[in-house]
Amino acid sequence: MTTYTRKYWTLVLYLFSFSLSLIGGSFILPENDPPTTAPKFLSRGHLYKVIVGETIELPCKVQNLGSFVLLWRKGSSVLTAGHLKITRDQRFKIVGDYNLQINGVKTQDAGDYICQLGDQENRDQVHTVEILVPPTLRALPHNGQVTARKGSTVTLECKASGNPVPTIFWFKKDVFSGPTHLSDSSTLILENVDRHHAGTYQCSADNGVKDRVSMDIQLTILSPPEITVEKSWVHASEGYDVELVCIVHGDVNSEMLWYQNSFLLDATDRRSMYPRDDRYSLIIRNFQPTDFGNYSCVADNALGRTKKYIEVSGRPGPADFISPALSGFLDHYNLTWTIESIPPLDEIKLLYRRLLMNETYQHPGKWHEYHIKPTPIRTDGSHFLMSYLVKNLEHNAVYEAIVQAKNKYGWNEISDIHQFYTRNHDLLLDIDMEYKMGISSNIRISPTVSGIILSAFILVLYPIISV
């Protein structure tokens, strides 16, 4: 404290003491002779952090105060002198001995508070008060709605305030997988946006004071319609009902049109169009031969038009292999598959070949072709289950197979390649070793029981259907 400042506050204290004496006050400054025991601060200056709106108490404990006056001030503003309150702010008061209490603290209450002893030295004690402010958020734009065109760059922004300065986090909300963390800055930049960017984005601010706060921004992407089809190939037959489905992504206000072989379709007593949210259905009842062909769904909006195709055919669907890749035998394999077909199957064509391969190359062998008279099992109204035992194979070898089927409407598309493997001799050694280990572990299996287990094992692996 400078000599000038010390003299200034000494004069203030003398004038205050003189005023008290005139009104009968009991606080009288001593004359030039100091007391026998000098006053001493028992408390120490400290940094106090308090949340805005709460109450804080600043201590000022002095030993041997005697008739000296304790002065509380903030800067040049005197708050209290002794137990007398000088400030008009009702939030300030003296509690206990000479502690200063501030109720409902505000941001402007931050700063240094000085408890000054009115002796000749004008000693003082300084407390620093920091006001903690919970975070607040302001989204840009204020309505929380952002619309952008496909392919553009979008900037989402949130402004946060508080003390300490809050950290901002960006998330994209998803009802299925939950929020995904994207960024830790005040702005989130999305480049070359498409329909996958559309949705709800959340900015959150946190500074460790009370709870985190969040705001949502809804992003809408304007684009030409995007269509996906539930099935690009649909099996049908006369007298049955057929449903074709197209799903429109993005703009749900798109207009949907249905075509058959380039001819626009209208609703009839056998033909209905049903929209439900983003799902558009064309239902054909009591299917007729004239209903076969290529269909297309066309979606229109202000930004463009999109078209997708669906083929409706009576031919069988492609074979779907369900047999495991590893054979249970050395020289044959049970090939099992399902085929979608409402009419009965007339003929099956099976081709298989060996695949010669090592670590550096693979070389396919010659195709072996078989025409099979089908004796399938119908699993439901539109699917068949078939099995064929491929014999005379090499052990520990890799093979490939494809299947094609025919009904009254013609041949289907050739199936995807199914790869399978024959067993090697080592597997028998492994089974025999496990059997011996079972015996050595005091697990007694009678010949009758082991024969039953082996027979069951063979029956399970042997083809269910012999064609």
Using a strict cut-off of less than 4.0 Å between a Lys/Arg side-chain nitrogen and an Asp/Glu carboxylate oxygen, indicate whether Glu230 and Lys308 qualify as a salt bridge.
no
Donor-acceptor check, side chain of Trp258 to backbone of Ser272, threshold 3.5 angstrom: yes or no?
no
Minimum heavy-atom separation for Pro164 and Asn207, please, with both atom names.
O-ND2, 3.0 Å
Can you classify the ring geometry of Phe420 versus Tyr333 as parallel (below 30°), tilted (30 to 60°) or perpendicular (above 60°)?
parallel
Checking the side chain of Arg423 only, and the main-chain atoms of Ser327 only, is there a donor and an acceptor separated by less than 3.5 Å?
no
Please walk me through it: do Lys106 and Glu54 pass salt bridge (Lys or Arg N to Asp or Glu O under 4.0 Å)?
CA-CA 9 Å; Lys106 301 177 181 179; Glu54 295 184 351; over 6 Å; no
Distance only, no hydrogens: is a donor on one side chain within 3.5 Å (strictly under) of an acceptor on the other, for Ser214 and Ser204?
yes
Show your reasoning for whether salt bridge (Lys or Arg N to Asp or Glu O under 4.0 Å) applies to Lys150 and Glu226.
CA-CA 11 Å; Lys150 178 182 178 181; Glu226 295 184 38; 3.7 Å; yes
Under a 3.5 Å cutoff, is there a donor and acceptor pairing between the side chains of Glu400 and His418?
no
Roughly how far, to the nearest 0.5 Å, is the CG atom of Leu79 from the CZ atom of Arg91?
10.5 Å
Ignoring hydrogens and geometry, is there a side-chain-to-backbone donor-acceptor pair from Asn424 to Leu330 under 3.5 Å?
no
Kindly check if the number of other-residue, nucleotide or ligand heavy atoms within 6.0 Å of CG (Asp416) is above 12?
no
Evaluate the criterion ring pair (Phe, Tyr, Trp, His ring centres under 6.0 Å) for residue pair His46 and Tyr48; output intermediate values, then yes/no.
CA-CA 6 Å; His46 188 70; Tyr48 290 90; 4.7 Å; yes
Take atom NZ of Lys93 as the centre, draw a 6.0 Å sphere, and report whether it contains more than 12 heavy atoms from other residues, nucleotides or ligands.
no
Side-chain ion pair, Arg305 and Asp300, N-O less than 4.0 Å
yes
Salt bridge present between Asp277 and Arg279 (N-O < 4.0 angstrom):
no
Less than 4.5 Å apart, any side-chain heavy atom of Arg315 and any of Pro343?
no
Any ion pair linking Arg271 and Asp291 (charged N to carboxylate O, less than 4.0 Å)?
no
Side-chain donor-acceptor contact under 3.5 Å, Glu57 with Asn99:
yes
Run Lys159 and Leu140 through side chain to side chain contact (heavy atoms under 4.5 Å, CB included) and show every step you take.
CA-CA 8 Å; Lys159 299 288 188 180; Leu140 298 176; 4.1 Å; yes
Is there a donor-acceptor pair closer than 3.5 Å between any side-chain N or O of Gln288 and the backbone N or O of Asn286?
yes
Using a distance-only test with no angle check, is there a side-chain donor-acceptor pair under 3.5 angstrom linking Thr153 and Glu191?
no
If a pair satisfies side-chain hydrogen bond (donor to acceptor under 3.5 Å, both in side chains) and one of its residues is in residues 131-147, list it, with sequence neighbours excluded.
Thr136-Ser161
Measure the spacing between CD of Glu157 and OG1 of Thr155 and express it to the nearest 0.5 Å.
8.0 Å
Distance-only, no hydrogens or angles: does the Asn163 side chain make a donor-acceptor pair with backbone N or O of Val133 under 3.5 Å?
no
Do Tyr259 and Leu265 come close enough that some side-chain heavy atom pair is under 4.5 Å?
no
Under 3.5 Å, is there a donor on one side chain and an acceptor on the other for Asp216 and Thr200?
no
Quick one: does Asp380's side chain have a donor or acceptor within less than 3.5 Å of a partner on His383's backbone?
yes
Closer than 3.5 angstrom, by distance alone: can the side chain of Ser281 be matched with the main-chain N or O of Ile283 as a donor-acceptor pair?
no
Test Tyr352 against His368 for ring pair (Phe, Tyr, Trp, His ring centres under 6.0 Å), laying out the working first.
CA-CA 5 Å; Tyr352 76 91; His368 300 275; 5.0 Å; yes
Worked check of side chain to side chain contact (heavy atoms under 4.5 Å, CB included) between Leu188 and Leu182
CA-CA 8 Å; Leu188 178 65; Leu182 301 175; 3.9 Å; yes
When you check the side-chain N and O atoms of Asn407 and Ser341, is any donor under 3.5 Å from an acceptor?
yes
N/O donor-acceptor pair under 3.5 Å between Ser177 side chain and Asp174 backbone:
no
Is Arg212 close enough and on-axis enough to Phe169, meaning under 6.0 Å and within 45°, for cation-pi?
yes
Quick one about Ser387 and Asn334 (side-chain donor to acceptor, distance below 3.5 Å, no hydrogens or angles considered), yes or no?
yes
Under the salt bridge (Lys or Arg N to Asp or Glu O under 4.0 Å) rule, what do Arg285 and Asp269 come out as? Steps first, then yes or no, please.
CA-CA 8 Å; Arg285 299 178 182 85; Asp269 56 341; over 6 Å; no
Between Gln125 and Ser43, do the side chains contain a donor N or O and an acceptor N or O under 3.5 Å apart?
yes
State whether a side-chain donor-acceptor pair under 3.5 Å links Ser382 with Tyr240.
no
Taking C-beta and beyond as the side chain, do Leu282 and Tyr295 meet within less than 4.5 Å on heavy atoms?
yes
